[in-house]
Amino acid sequence: MGLTADERREERRRLLLRAAYELLGTEGWSATTVRGVCQRARLNPRYFYESFTDLDALLIAVYDHVVIEMGEAVRQAVEAAGGPADGTVAGELEPQVRAVLGAVLRFIEADRRRGQILYVEALGNEALNRRRLDTGHALVDLVEQDAVAWHGPAAEGEPVAKISAAVLVGGFTELAVAWLDGRIDVSIDQIVDDATALFMAVNDAALRLAAGRIKQGATAGRGPGGRASRR
């Protein structure tokens with residue numbers, strides 16, 4: 001029994017995604033053209049537009065696919081480290097941080113095209129860069145939400161959770177790029193050990209900052225002898 005029209009269309013889309021992944025991850029976005037993708041996929045260019053409105057839509061689909069795969073690798077690593085499959089807080093923080101960092105680095109080491117797409121090519125193409133920024137902002141929000149889940153909600157207007165989340169996400173991105181480029185020539189085990197220690201240090205520093213501000217606020221609200229000031 002042959003494939004249905006929808007199944008054939010889906011197969012052509014899969015071939016286009018695979019071809020674009022290979023080109024984007026090896027030759028770069030400037031060499032990833034509609035013609036080049038169709039040639040590699042061995043498809044007539046007319047089939048391109050039954051699945052994608054333009055080349056940017058295809059590049060974003062490839063990027064999103066890699067992000068989803070990486071997210072699944074991280075989920076499995078966190079679960080193996082003692083955290084829950086749904087990503088809610090459980091277990092100890094440090095093993096879960098270590099699991100996340102190790103999962104991401106091993107994911108991009110297993111296929112360097114993944115890191116090239118996520119951290120290098122996404123900087124050169126405008127549409128991909130917008131997607132990268134949106135994904136980064138979503139990760140910052142996620143890290144901030146995790147911090148609240150671990151430590152409880154911050155005082156109203158307290159920005160340290162968002163600041164530390166931005167530092168961690170941005171810093172790790174630069175770390176991954178430097179490691180991929182060979183500018184940081186260390187083993188995965190060492191980079192995970194060091195990055196985990198630094199992440200935990202940022203977490204501890206954020207807690208101290210927030211606690212210090214709460215204490216200062218409480219002190220400022222009291223008059224002589226520790227009595228609350230009346231205004």
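Below, each value reflects all heavy atoms present in this structure, side chains not excepted, and no hydrogens, waters or symmetry copies.
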Group every Ile, Leu, Val, Met, Phe, Trp and Tyr by side-chain heavy-atom contacts under 4.5 Å, then state whether Leu93 and Val192 land in the same group.
yes
Exam field: side chain Gln145 to backbone Leu142, donor-acceptor pair closer than 3.5 Å
no
Minimal heavy-atom distance between Lys162 and Asp141, with the atoms involved, is NZ-OD1, 3.4 Å
Starting at CG of Leu198, measure out to CG of Leu175 and round the result to the nearest 0.5 Å.
9.0 Å
Checking side-chain contact (heavy atoms from CB on, under 4.5 Å) for the pair Met70/Val104: CA distance, chi angles, key distance, verdict?
CA-CA 7 Å; Met70 185 170 67; Val104 172; 3.8 Å; yes
Flag the pair Leu55 / Leu58 as yes when at least one side-chain heavy-atom distance between them is below 4.5 Å, and no otherwise.
yes
Worked check of side-chain contact (heavy atoms from CB on, under 4.5 Å) between Leu16 and Cys38:
CA-CA 7 Å; Leu16 290 168; Cys38 290; 4.3 Å; yes
Could you go through the side-chain contact (heavy atoms from CB on, under 4.5 Å) check for Arg132 and Asn129 one step at a time?
CA-CA 5 Å; Arg132 180 188 67 85; Asn129 191 41; 2.8 Å; yes
Val66 backbone acceptor or donor facing Arg114 side chain under 3.5 Å:
no
Any donor-acceptor pair under 3.5 Å linking the side chain of Glu121 with the backbone of Trp29?
yes
Tyr63 side chain near Leu24 side chain, heavy-atom distance below 4.5 Å:
no
CZ/Arg40 to CG/Leu23 distance, rounded to the nearest 0.5 angstrom?
4.5 Å
Do Arg42 and Leu15 have side chains that approach each other closer than 4.5 Å (heavy atoms only, starting at C-beta)?
no
Could you check whether any side-chain N or O of Ser51 sits under 3.5 Å from a backbone N or O of Phe48, counting only pairs where one atom can act as donor and the other as acceptor?
no
To the nearest 0.5 Å, tell me how far Asn125 CG sits from Thr32 OG1.
9.0 Å
Correct closest heavy-atom pair for Ala165 and Val143 would be CB-CG1, 3.7 Å
Salt-bridged, Asp6 to Arg9, with N to O below 4.0 Å?
yes
One should read off an interatomic distance between Ile188 CD1 and Leu105 CG, to the nearest 0.5 angstrom, of 5.5 Å
Does Glu92 pair with Arg98 as a salt bridge, N-O distance under 4.0 Å?
no
Just wondering, do Arg131 and Leu59 contact through their side chains at under 4.5 Å, heavy atoms?
no
Decide yes or no on salt bridge (charged side-chain N to carboxylate O under 4.0 Å, His left out) for Glu174 and Arg183, but give the supporting numbers first.
CA-CA 11 Å; Glu174 291 303 314; Arg183 290 182 282 118; 5.5 Å; no
Can you tell me how far CG of Leu118 sits from CG of Leu123, rounded to the nearest 0.5 angstrom?
10.5 Å
Set out, in order, the CA-CA distance, both residues' side-chain angles and the distance that settles side-chain contact (heavy atoms from CB on, under 4.5 Å) for Phe199 and Val100, then state yes or no.
CA-CA 11 Å; Phe199 269 49; Val100 170; over 6 Å; no
With a 4.0 Å cut-off on N to O distance, would you call Glu11 and Arg14 a salt bridge?
yes
Minimal non-hydrogen separation, Glu7 against Thr4, with atom names:
OE1-N, 2.9 Å
Pairwise distance CG(Leu101) to CG(Leu168) - rounded to 0.5 angstrom
9.0 Å
I'd like to know whether Arg106 forms a salt bridge (charged side-chain N to carboxylate O under 4.0 Å, His left out) with Glu109, so could you lay out the CA-CA distance, the side-chain angles of the two residues, the decisive distance to 0.1 Å, and finally the verdict.
CA-CA 5 Å; Arg106 290 184 174 88; Glu109 185 194 42; 5.9 Å; no
Return yes when atom CG of Asn44 has more than 12 non-hydrogen atoms of other residues, nucleotides or ligands closer than 6.0 Å, and no otherwise.
yes
Applying the 4.5 Å side-chain criterion to the ILVMFWY set and letting contacts propagate, would Leu128 and Leu133 be lumped into a single cluster?
no
For Ala61 and Arg13 the tightest heavy-atom approach is CB-NH2, 4.2 Å
Give the cluster check for Met200 versus Ile163: same hydrophobic cluster or not, with ILVMFWY residues linked at side-chain heavy-atom distances below 4.5 Å.
no
Would you indicate whether Glu126, at its atom CD, is surrounded by more than 12 heavy atoms from other residues, nucleotides or ligands within a distance under 6.0 Å?
no
Connected via hydrophobic side-chain network under 4.5 Å: Val202 and Val97
yes
Heavy-atom nearest pair, Ala103 first then Val74, reads CB-CA, 3.9 Å
Taking C-beta and beyond as the side chain, do Ile108 and Tyr119 meet within less than 4.5 Å on heavy atoms?
yes
Under 3.5 Å, is there a donor-acceptor pair linking the side chains of Tyr21 and Asp111?
yes
Identify the two heavy atoms, one from Ala81 and one from Ala99, that lie closest to each other, and give their separation to 0.1 Å.
CB-CB, 3.7 Å
